[in-house]
Peer 1: 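Provided herewith is a single structure, encoded as structure tokens, for subsequent inquiry.
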There are 2 protein chains.
Amino acid sequence: MSPEAPEPGTVRPGGRTARVRTAVLRAAGDTLAERGFAHLDLADVAHRAGVGKTTVYRRWGTVTGLVADLLVDMAEQSLPRTETGSLLGDLKANARLVQRTLSDPRQGALFKAIIAAATCDPRTAEALHRFYDTRIREWAPCVQQAVDRGELPRGTDAHEVVRAVSAPLYYSLLAGGGPLDEAAADRAAQAAAAAARAGVYVR
Amino acid sequence: MSPEAPEPGTVRPGGRTARVRTAVLRAAGDTLAERGFAHLDLADVAHRAGVGKTTVYRRWGTVTGLVADLLVDMAEQSLPRTETGSLLGDLKANARLVQRTLSDPRQGALFKAIIAAATCDPRTAEALHRFYDTRIREWAPCVQQAVDRGELPRGTDAHEVVRAVSAPLYYSLLAGGGPLDEAAADRAAQAAAAAARAGVYVR
DNA sequence: CCCCTAACGGAACAGGAGTCCCGTTATGAG
DNA sequence: CTCATAACGGGACTCCTGTTCCGTTAGGGG
């Protein structure tokens, strides 16, 4: 993201730099959620963060660059999954977590903006992939446990199952078609479980 | 879309106006696929279309407005679905159609750009919803036929099943995770069929 | 075929996003 | 504590996106 890598001297990630990063990323998230990707002005972000405009342009350069860094930050704060003991219970918990996130006005708008940014820039897309990878890795074990318990066929691709839970919820967010409520979340979980039991995700 | 509705005089949708619209929408699709949503300049679109810059700004105003009109145009040209006689065959045909569209460099990039535009503007989002609605309405009958044949439980929501086929393919396009090949298309179709057979989409 | 005017086109204009320059602050090594 | 310098901040500057003005072209009713 930073335009030029500092070669000669020492890097200084201490105090001020970290504080600026935190403030800017926070302001970026807020502004992105409110105004959306298209109407985002880096000068506005800088003003909100109480930081010089030049600083934002120097460290992140573009809107997509800023979003990419925001995603790295978001991936670091992954919440632990809950365990219910059954495959369907775990998948429903995951589905409802995603559903609540996307339904929330701020978070939903933020994700829309992030997705928009990712479609416009390869680096940001890569950051988004890594973000989802982190989330999926967190939830995959509950599928693997179901395989071990004999609830699902051997060789089931755990990651594919977890992705299958999220997919219809994101589709609702972006393409419309039905409200994004708990019923939709439960349907997503049940559909993924049914397909997995039928052996669709055996690799 | 048009900034102001002409009230007093007569509207003239004839010859020249239609020609300009066609040329501009074509140029918009090309430019959108090549440069993406973020780096789209309406002046560039106008130049490609061999049309005055002022005309584009007057009729469409913004990038999102132009994309919205492009979606109306795309929805009008919906291709007829194929019929294979079995539920899984029909769903696979649908899945592969979507997969081929999204895999194609031009079409894939175009859809990414359109989705980005839709996340930035409510009107464009509405146009995108209508577009998918058109497509889903086209394919829903094959699910309904399966219900009538007794392949699926009564009361199955045909639209939900069709959406379930597309969802994972769009998820792959936007969030990554696995190649967007024929195997992925077949998996999407099989998963939707399995979930539908299990009664997940009974309303 | 003629005329009114909807719609288009060129060019000048204005506003704002992003860049550059240079002085100031504060980090962290010695 | 001191100093070299990484990192920040303010403000002027540039260029490009979008607007406005007005003259020109062509659709379609009479």
Side-chain angles (χ1 to χ4, degrees), chain A residues 1-28 31-32 35-69 113 116-117 120-121, chain B residues 1-28 31-32 35-69 113 116-117 120-121:
Chain A
M1 278 355 92
S2 4
E4 68 287 335
E7 292 178 46
T10 322
V11 187
R12 280 184 193 172
R16 183 168 61 169
T17 301
R19 226 160 31 236
V20 166
R21 192 177 109 112
T22 303
V24 169
L25 292 186
R26 179 175 189 79
T31 313
L32 225 47
R35 307 229 189 268
F37 170 68
H39 320 95
L40 186 62
D41 173 21
L42 291 196
D44 185 39
V45 172
H47 183 73
R48 283 200 190 206
V51 154
K53 184 176 72 163
T54 316
T55 300
V56 176
Y57 278 104
R58 186 174 24 231
R59 282 189 61 181
W60 291 279
T62 63
V63 174
T64 53
L66 183 54
V67 174
D69 196 30
C120 296
D121 178 69
Chain B
M1 298 340 103
S2 7
E4 70 287 336
E7 291 177 48
T10 322
V11 187
R12 280 182 192 173
R16 184 170 58 168
T17 300
R19 225 158 33 235
V20 166
R21 192 177 108 111
T22 304
V24 169
L25 291 186
R26 180 177 188 78
T31 313
L32 225 46
R35 306 226 191 268
F37 170 69
H39 319 95
L40 186 62
D41 173 19
L42 291 195
D44 185 38
V45 172
H47 182 73
R48 282 201 191 205
V51 155
K53 183 177 71 163
T54 314
T55 299
V56 176
Y57 277 105
R58 187 172 25 231
R59 283 188 61 180
W60 291 278
T62 63
V63 174
T64 53
L66 183 54
V67 173
D69 196 31
C120 295
D121 178 69

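Note that this is a predicted model, so its numbers are computed, not measured. Letters A, B, ... are given to chains in the order of the sequence lines, protein chains preceding strands, and every chain is numbered from 1.
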Peer 1: Rounded to whole Å, how long is the line connecting atom CZ of A:R59 with atom C1' of D:dG9?
Peer 2: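 Result: 14 Å.
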Peer 1: D:dG10 C1' sits how many Å from A:H47 NE2, rounded?
Peer 2: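 Roughly 14 Å, once rounded to whole Å.
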Peer 1: Let me know which of B:L42, B:L32, B:T31 forms a side-chain contact (heavy atoms from CB on, under 4.5 Å) with B:L66.
Peer 2: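 Option passing the side-chain contact (heavy atoms from CB on, under 4.5 Å) with B:L66: B:L42.
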Peer 1: Are OP1 or OP2 of D:dG9 and a side-chain N or O of A:T55 less than 4.0 angstrom apart?
Peer 2: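 It does, given that an N or O in the side chain of A:T55 lies less than 4.0 Å from OP1 or OP2 of D:dG9.
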Peer 1: Check whether any side-chain heavy atom of B:R59 sits under 4.5 Å from a side-chain heavy atom of B:T17, and report yes or no.
Peer 2: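 With C-beta onward as the side chain, the pair touches.
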Peer 1: Provide, to the nearest angstrom, the distance between the CZ atom belonging to A:R19 and the P atom belonging to D:dC8.
Peer 2: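 Rounding to the nearest Å, CZ of A:R19 and P of D:dC8 are 11 Å apart.
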Peer 1: Mind checking whether B:Y57 and B:T62 have side chains closer than 4.5 Å, heavy atoms only?
Peer 2: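 Side-chain contact under 4.5 Å: no.
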Peer 1: Where along nucleotides 16-24 of chain C does protein come under 4.0 Å, by heavy atom, of base (B) or sugar-phosphate alone (S), with - for untouched nucleotides?
Peer 2: -SBBBB---
Peer 1: Check whether any side-chain heavy atom of A:K53 lies under 4.5 Å from a side-chain heavy atom of A:H47, and answer yes or no.
Peer 2: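 A:K53 does not reach A:H47 side chain to side chain.
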Peer 1: For A:T22 and A:A18, indicate whether the former's side chain and the latter's backbone hold a donor-acceptor pair under 3.5 Å.
Peer 2: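 Yes, the answer is positive, given that a donor and an acceptor are paired below the 3.5 Å cut-off.
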Peer 1: Could you check whether B:D69 pairs with B:R21 (Lys NZ or Arg NE/NH1/NH2 to Asp/Glu carboxylate O, under 4.0 Å)?
Peer 2: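 Salt bridge present between B:D69 and B:R21.
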